[in-house]
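If you're wondering where the values come from, they're calculated on a predicted model, not measured in any experiment.
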Amino acid sequence: MIESLLIANRGEIARRIIRTARRLGVRTIAVHSELDADLPFVADADESVDIGAPQAYRNVEAVLDAARKTNAAAIHPGYGFLSENAGFARAVEDAGLIWVGPTADAIQQMGDKINARNLMSAAGVPVSPGTTAPLAGVDAAVDAATAIGYPVMVKAAAGGGGMGMAAAADETELRGQYAKITAFAERMFGDGSVLIERYFPRVRHIEVQILGLADGRVVALGERECSVQRRNQKVAEEAPSPAVSPELRARLLGAAQLAGETVGYRNAGTVECLLDPDSGDFFFLEMNTRLQVEHPITEATLGIDLVEAQLRIASGEDPGFDPAALAITGHALELRVNAEDPKRFLPGPGPVRTWTEPTGEGVRVDSGYAAGTTVTPAYDSLLAKLIVSGPDRDAVLARAREAVAGFRIEGPKNNLPFFAELLDNAEFVAGEYDTGIIGRMRS
């Protein structure tokens, strides 16, 4: 097992990784910006290093320098920041450290959305109609959209996390969105390449958790429903999906395993798909080459620790469980508690005056803040993840309503009132919703 681990991240995910590492007897090292010195994750770690400016979490040299100073044996990137940066993964290994994640080659191959689509299509993974090469300009985009059929989705080839994408219903809208997305992609990702895909107005977002084992095998562990989204970004997830039958689950997991095998995947990753609820057809969307925000609901329904599996695989060991013996038990729901208003979902940072977490059977809170800390506008708005599990979906919804009511945050704005609304929404309660559910709730 790895002896010491530097976590190149912050907030709730840093705390969550530290918790498992401590249980395994691994010394933990936190890096933090000058803004984050008082956050709980810094105190949780055995050692911490101030790496300076607010955006230093993206500074490869600053992180590697902290690893050298503290004699770290390995680096876990969490999610976001440098987690899907192939150059960082290579730099970590070139420095003689263990990278807790997939190979740099897999990250690079799947980071380009066009290349990823082409690889998956060639391997036999279902892919929606779309372009197979970077578009030469807006006229080429119009030609592609005409061939695919409107509506279409304009996507940044180097994008991720719901950023750099917009739907277009006709040529006029396409020309406007093409200009916006290319400019955004160039500014955010340093690559203005875009692709065009068919857009499904009514669709469910389903993802599959995969693990690339130390012995070279790739296993698919189960699916998660991620259709509650605002601005193409997830807000709530559940496992298993209420839309997935045993037959569909077998097809989804088979396709995800094939996707991982195609790129020689190692460690934890997620294959994201779009599901047409009318036809039952699904299509590869992208692969996230890292641990997902919503991984706790897979842990809850399978009785495993995915961070432990990551650390064991990176150490050359088995994942700590027999994948063939796993079976989904019960149900789980994750609610992303964000510092944003519950109506328009605009950021609302500020000092935290009150922080009271709910407790009870099947209730878990992965939090990044506490009373007396401050939520700054420099980072993602995620405050905590409320994870609720139980014997079935109805029990989970009932427990979640109580947990939301018992979660008190005063100071920054938060979206807990939205979750109270969602948990009583007829579509959601019935499990018959899609990615347009928030739009309908707000119309």
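Side-chain atoms of R231 come within 3.5 Å of backbone atoms of F345 as a donor-acceptor pair (strictly under, hydrogens ignored). Of the possible polar contacts, one joining the R266 side chain to the G101 backbone as a donor-acceptor pair under 3.5 Å is found. Panel note: side chain Q229, backbone C226; a donor-acceptor pair is recorded below 3.5 Å.
Between K155 and E197, at least one side-chain N (NZ, or NE/NH1/NH2) sits under 4.0 Å from a carboxylate O, which counts as a salt bridge. Ion pairing between E12 and K385 holds under the 4.0 Å rule for side-chain N and carboxylate O. Classification of E410 and R408 as a salt-bridged pair holds, one side-chain N sitting under 4.0 Å from a carboxylate O. Between K113 and E286, at least one side-chain nitrogen of the basic residue sits less than 4.0 Å from a carboxylate oxygen of the acidic one, meeting the salt-bridge criterion.
Note that R401 lies outside the cation-pi zone of F428, set by a 6.0 Å cut-off to the ring centre and a 45° limit from the axis. For the pair R10 and Y379, the cation-pi test (distance below 6.0 Å, angle within 45°) is passed.
Under the 4.5 Å side-chain criterion, counting only non-hydrogen atoms from C-beta, L383 is not in contact with N338. Taking 4.5 Å as the limit, every side-chain heavy atom of L306 sits out of range of all side-chain heavy atoms of Q310.
Taking the six-membered ring for Trp, F283 and F200 have ring centres closer than 6.0 Å.
Looking only at atom types and distance, the side chain of Q292 has no donor-acceptor partner in the side chain of Q209 under 3.5 Å away.
Each of E225, R224, R249 was evaluated against I206; a single residue qualifies, E225, per the side-chain contact (heavy atoms from CB on, under 4.5 Å) test. Exactly one residue among D366, D305, D44 makes a salt bridge (Lys or Arg N to Asp or Glu O under 4.0 Å) with R19. That residue is D366.
Classified by interplanar angle (parallel below 30°, tilted 30° to 60°, perpendicular above 60°), the ring pair Y57/F41 is tilted.
For A56 against A62, the heavy-atom pair with the smallest separation is O-CB, 4.5 Å.
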(request) Dump the intermediate steps for side chain to side chain contact (heavy atoms under 4.5 Å, CB included) on L423 and L333, then the final yes or no. (result) CA-CA 11 Å; L423 291 166; L333 172 68; 3.8 Å; yes
